[in-house]
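Within every chain, numbering begins at 1; the chains are lettered A, B, ... in the order of the sequence lines, protein sequences first and strands thereafter.
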Amino acid sequence: MTEPLQWARYHWQRLMGGPARDGDERRYSYSTLLACGGKPSQTPRLAGRHRVVVPHLQPFKEEYEKFSGTYVNNRIRTTKYTLLNFVPRNLFEQFHRAANLYFLFLVVLNWVPLVEAFQKEITMLPLVVVLTIIAIKDGLEDYRKYKIDKQINNLVTKVYSRKEKKYLDQCWKDVTVGDFIRLSCNEVIPADMVLLFSTDPDGICHIETSGLDGESNLKQRQVVRGYAEQDSELDPEKFFSRIECESPNNDLSRFRGFLEHSNKERVGLGKENLLLRGCTIRNTEAVVGIVVYAGHETKAMLNNSGPRYKRSKLERRANTDVLWCVLLLVIMCLTGALGHGIWLSRYGNIPFFNIPEPNGHVISPVLAGFYMFWTMIILLQVLIPISLYVSIEVVKLGQIYFIQSDVDFYNEKMDSTIQCRALNITEDLGQIQYLFSDKTGTLTENKMVFRRCSVAGFDYCHEENAKRLESYQEAASEDEDFAGTPSGSLSHVAKPRAPSGRTLQSGPLGGKPSKHLAGSWSALGGGEGAGEGPRCRQAAFSSPMETDVLPDTRLLDKFSQITPQLFAPLDETLPNPPPETWYIIDFFIALAICNTVVVSAPNQPRQKIRLSSLSGMPIKSLEEIKNLFQRLSVRRSSSPSLASGKEPSPGVQNAFVSKLSLFSRTKLASPVEEAVSRTADSPQGSGSSAGPTEKEKQNGDAGITSGKADSLPGQPVTSSLCYEAESPDEAALVYAARAYQCTLQSRTPEQVMVDFAALGPLTFQLLHILPFDSVRKRMSVVVRHPLSNQVVVYTKGADSVIMELLSVASADGASLEKQQMVIREKTQKHLDDYAKRGLRTLCIAKKVMSDTEYEEWLRNHFLAETSIDNREELLLESARRLENKLTLLGATGIEDRLQEGVPESIDALHKAGIKIWMLTGDKQETAVNIAYACKLLEPDDKLFILNTQSKDACEMLMGTILKELQKKNPAFPKQASLSKDLYQPSAPQGSGLRAGLVITGKTLEFALQESLQRQFLELTACCQAVVCCRATPLQKSEVVKLVRNHLRVMTLAIGDGANDVSMIQVADIGIGISGQEGMQAVMASDFAVSQFKHLSKLLLVHGHWCYTRLSNMILYFFYKNVAYVNLLFWYQFFCGFSGTSMTDYWVLIFFNLLFTSAPPVIYGVLEKDVSSETLMLLPELYRSGQESEAYLPLTFWITLLDAFYQSLVCFFVPYYTYRGSDIDIFTFGNPLNTAALFIILLHLVIESKSLTWIHVMVIVGSILSYFIFALAFGAMCITCNPPSNPYWIMQEHLLDPVFYLVCVLTTCIALLPRFVYRVLQGSLFPSPVLRAKHFDRLTPEARTEALKKWRGAGQLGQAASERAVHAAARPEGGSTCGPSAVFAMTPSACSIEQGNLFVLETALDSDCSETKT
Amino acid sequence: MVQSPGPAVRSLSRRGLQLPSFRVRLAPALQALGRRKGRWYLSSPSHSEQPGAAAHLREEELRPAPEGTRAPLASATARGAHQPDNTAFTQQRLPAWQPLLSASITLPLFFCAGLAFIGLGLGLYYSSNGIKELGYDYTGNPGSGNCSLCGVADQDRAPPPSCPCAWYFSLSELFPGPVYLYYELTNFYQNNRRYGVSRDDAQLSGLPSALRHPANECAPYQRSPAGLPIAPCGAIANSLFNDTFSLWHQRLPGGPYVEVPLDRTGIAWWTDYHVKFHNPPLVNGSLALAFQGTARPPNWPRPVYLLSPDPNNTGFVNQDFVVWMRTAALPWFRKLYARIRQGNYSAGLPRGAYRLNITYNYPVRAFGGHKRIILSSISWMGGKNPFLGIAYLVVGSLCILTGFVMLVVYIRYQDQSDEADDQE
């Protein structure tokens, strides 16, 4: 539905936005937007027509040529022009712009003899110059695209050659439809192809589509049915089938077709058979496919759309003023026409100077007036500044150059600096009022660091670890590229480039809700953990910060008590070891195995280690059979339906595949397995762990030299394990476990091997996994414990959930129960403590089941699993049955580390008057924690949580909150805050309380509905900060849209993941965080920075500068043109409105084009009203930009008035000087022109706040060029420029003292008012910016002093503490938390590490409330 | 306007292969500069290698690079390739003059400027006052002297008949020289665009081809009804001012009038006369033959080569003509007719009675114009014009006034800020 709207809007914008450049008129990329929303994008061009693909091989040569001849090959060309068509096409494009058309119209008009004002050729000059400049720019851009295309086209892939009968390297561009292509792991797919072979035994191949749709999870692709069973690699020579499929379309989520074998048997093809161009093969050794779409017909290219066309607010503003100028022009021309008519009527038939037509008639005054109107338009055309648009472009380029050159944006780690992808909205950076930020990866580093844990009621602080982390922070030396220094002597060395933080879309730490559980969440929108999880981080490898954990010494001591002897008597009748030891063991085993982490071998980082693969493997030994049985038993027990011999149809298989997690997948049987499984029946056929271990040794895939029994402390054995987790916190836990010698060695769908310190390798049979979902907020694994041989359930989940599921009555007797209670209490305390420190908490619990219990549950579970109706509920129910009566083992605290400088940046942005919203897919608790940690919420903020299940409830709740807010804050204006109060957004809160609003995704849905929008906005207007958690990408963009459209504010969205793409595209400015999670956000963004903290400088300094510069420059341009053109206009009053110009045409044209064009551009690029240091120091200065202070409508009119005044002076001083003298036209024009030049340039000097040698050079250069031109032209042009002839005029004038006197006098009178105004302003009513400018001159000490003064009395200086300043900087006066509270907080806050503020803050909170009452 | 490249590039670049296209650089030269500097920064201590780094590098070497990741490692080693150049210019830290306009700073400026202006103004005023001017409106409006007859008479015919009249005046003291004789026209729009373009500079510069083929701008005075090219063509030439004057001096009352010699050479711009205007090449030494085949402008009583008997002052280089062709900027203008600087009159016009004989040819009353004849002495600043001096005086006073305002502001502002300081 949005699509036609978007289309219409885009085209409307293009229409309206004619003047501005919209060089890349490519399609608006809503397809990406919608793709992220999970909706199918455009209706695909449909069937009827389809394509036939036959192998590009010898036997099919004829047929191939018949069918595939028309298909494009894989060469792509994204350039707009070729060498040949550049000129015509570019001209065509350029004349789409209204401004250019206007000037073209003028040129044409000048060719009409009746209205001709200038020499025909001269009028063309500006247009030609402008067109040339833009054409050069377009050409360069296109050339860059050409180079990229070339680079892509020349990528190499392996294509089957019919001559050589093997795969040969070929360039991408030479790939054609019907080619067979063989790709290895990690290779990029060159064209859309149908998957025919995969080394994966199950005929599955993983691809990563993040380059395409932003989803970073691996997608499974299935080999075409019938080919999966092949043992050996597909031989293209034996491929005799042909493929029929639909015509190329851009629907990524659909592919229809069939493969017709030579025997006319047809096999259906679906999107799961299609490998898409641009995706990457992952986790699969090699694949072979046949190309069906190539080049521009691939879905990727069809979806590829250019950058979004955005127009800055300032430009829109300027455009309206251009329209005013047009009006002014029309008025002036009408005056001229009227005047000419009247003048002419007075002179009737005076052939002396009223020239009759060639035929002797005198045209009637009316007609002459009409002609004169057009003549005047040509004469006064400069009023519409043609050079304005070119200058704006140049200035923006310059601004972007400086933004990109700023070393402060440089990130050494990634060797990246800011990227400005949108070239035309720099000045919008200075006007942002609302900021929408993603959380994970944007505010946080998305590096989950294991911080603390509590086992059996004992808190282990991991102080050493904390210290290590701190030092990381300080040294800032965590270089990801060189990660993995072998540090902890005890810990296994992390593989340097372990891509551990890998997230799979389907199931973060639980992970995202599988689709069937949360139907409303679209696949992509699976914002749950996945949204927050790192989407794909192949570039960013886990840093040692995450992978290394220094064990806590106390805990290590306890570990040392664990000896194999403890377990020697395996029967539980001897509870020899202290129970705590058991807890510890279980806790760490749970950490290690209760997850879905994939263990990877280092040298094949993207391939999961599969210790054994079943299919196609000849059964060799008894042990293997045993092993097989063991595994199959698992499978069997987990899917009785299969065991009963029902062969699932492939379709069902696929459905399963998509629904079940990665691991459940492998439980599905291939036919071979199936056959065996029927014979196998004993579920626990081989209890011994020896078998699998043996097998590991034999079949162990590459890389695992296998750290088995010999992993002694201090001896890093396997430096070679890396963990790929669906969410980074899972990995963090596994790493933490590894630090305690509890190393997850390998994981197969059937078993998990853990190398436990003293106990040696333990192999757990994986009986079942209940993946994480957002409803249960926990996940469980069911394993058979190798030591006790019991079925054990390990559960990991949110504390709130786990605590409720703990066993109330333990069967083990009173003492144990008591112990549990104590542990629970203590753990709860620790949990609270962790939460206050902003740690993400998880509880670990276990449950021991008897075999009978388990089997009973299993039976029910399979019923649930196989049921068709309300499967979700049944599964949920089944999970509930399993996850109860748990025994609490302990809790963990993981830190989602804030990015460096985030609190300071947020603080500064707050002070700058920017309202910050946090939109995250994350859960509420985490979101709120982070909001506190990054100072988005203050400890004494009143927090309102909107979490309702129905619309009515939502409405009611909002009403209540609003009422409460208004009650506490009677002064709070009900409506004003919506848009008027932006200047002091904190003012309403200042008198009463600051409020924060937390809203969950579901409630957001209600709030975004039409009827509640208003109330919602009203509510958010009262709140200091808004946190939207559990928001889907679509909701994110809707929120941004809502705020942007309804409040008419400038919005900025920042995010790093594909789930932020929609929001980034909707906002006025979209900023992508690069380097964290792939390029999707960056590709959609207007600016890409590497860290959030850069935002503060980008906005506060560059935004401010860009805005002030550009707005001043635009104003100056208007001024300049009006002032200059009016000279001509005034002259019309003395030449009978006949359209005479008193200036030589060339000078007239060059005046704008050359003499006065460079200074404003330099001014627009280099002007610096306040230094960057001061701007960073005083974020308040940003408000001037938000208010558009530099360019208000009033400013425009004042500027115009000034221009009128100056032009009047500039005309009439020479007029009165020369009136009645023998001065001739062009001699009269010369002082006018010269004075105007000086006035215009000196005006710029007055307006400039800083002048560097470049300014001086350019201004002096302009003046010199003027004089040199005038002199040269005056010397050489004797008869060259009829009728205006400047011959020798300048030379005469330079010898004439009166000329100088007139120029000086004119300049002085013209500039006096503005100068006096500026002086008075500087003395009497300096703007904040002006006051701040004084800062630049002060010494650092004096500056601190001045800052204190600035902020008002009695508050701490900035230098003392950032935090204190923030607290103190809240509105002067009415803060209920007096300064004393602030002081109380500051020192302690400084002394403790970040994130530990919570206790203090709450204490402070209570203090405040006391003082309040 | 960075175009998003194909998804393949996206994924490539994500993996570390930095494509230059993602960055917008202004000038390649600058970029190169930045690169060079960037490398230079590599040696800075902040990049000193961490102890573990070397080991990892070694490890990396040992391990075979995974397929498909050919390029990424390169970006890791070529550090700083994208590091911006840290110079005063790129970091926008160029030393700058930052004028903070305030009353205290500008105080002396205002006073100095004011004083200077007043000084200049006084000088200008007095030098303008020192210029003597004597003028007579001889338009011939009824009841305005003996030219009124001519004024009335000119109405009917075109070209109007030549009508003599005179202006009598007497000087009680010496009219200091050099004395310039101007004629002044008002309400005459020489700057009318269609009038102003109606000329052919090429023809006037003596180009034979242009002589035969006048520019189209000259229409309707391009060709005569007979089809002959008009020389000089165009409306400006056609409307050449053709009143003539002669000045007679009666040294003694009742004595004879002696003609005052009028220097009619050198009244045009030197460059006009010598560079811009040329007669067409003579044919057999005769100017008349050179102009053969051309017609005179319709309003002219005689062809252009008969404008003056002086061969150096006839044709296109006739001084009166050249002066006329320099079209006036404003509808009220004067043009130099002659200079009086010869013989006894080089020091000026002595006391006595004078008679200015006017041959009244030029009709102006139709468009409400006026004709004046003006005798003026001249100074370094040209003719008499008190405006400039007065303007300078006014502006100078204004500056002084503003200076005082600034002084007040300065004092008050000082107080205010002191108070503000006190409050703290």
Q: Quick one: which of A:G1322, A:S1171, A:G1220, A:G1136 has the most heavy-atom pairs under 4.5 Å with chain B, could you say?
A: A:G1220
**Q.** Winner by heavy-atom pair count (cut-off under 4.5 Å) against chain A, out of B:W270, B:F387, B:F117
**A.** B:F387
**Q.** Heavy-atom pairs under 4.5 Å with chain B, option from A:P1297, A:S1248, A:S1172, A:G1229 with the top count
**A.** A:P1297
Q) What residue in A:V1302, A:V1213, A:D1296, A:L1330 has the most heavy-atom pairs under 4.5 Å with chain B? A) A:V1213
Q | A:S1141 versus chain B, the contacting section by heavy-atom distance below 4.5 Å | A | neither
Q: Could you have a look at B:V275, B:V395, B:D272 and say which one has the most heavy-atom pairs with chain A under 4.5 angstrom?
A: B:V275
Q. Which residue out of A:S1250, A:C1135, A:P190, A:C1308 racks up the most heavy-atom pairs below 4.5 Å with chain B?
A. A:C1135
**Q.** Region of A:V1256 that comes under 4.5 Å of a non-hydrogen atom in chain B
**A.** neither
Q. Looking only at heavy atoms, what is the nearest atom pair of B:M406 and A:V1316, with distance?
A. CE-CG1, 3.8 Å
Q) Between A:F409, A:Y1216, A:Y1218, A:W1105, which residue shows the highest count of heavy-atom pairs closer than 4.5 Å to chain B? A) A:Y1216
Q) What residue in B:W269, B:F333, B:Y182 has the most heavy-atom pairs under 4.5 Å with chain A? A) B:W269
Q | Main-chain N/O of B:S239 paired to B:Y362 side chain as donor or acceptor, under 3.5 Å | A | yes
(Q) If I measure from the heavy atoms of chain B, does A:L1312 come under 4.5 Å with its side chain, its backbone, both, or neither? (A) side chain
Q: Could you label the plane-to-plane angle of the A:Y401 and B:F89 rings as parallel, tilted or perpendicular, counting under 30° as parallel and over 60° as perpendicular?
A: tilted
Q) Looking at B:R93, B:R326, B:Q222, which one has more heavy-atom pairs under 4.5 Å with chain A than the rest? A) B:R326
Q.
Can you tell me which of A:V1245, A:T1252, A:I1309, A:L1251 forms the most heavy-atom pairs within a distance under 4.5 Å of chain B?
A. A:L1251
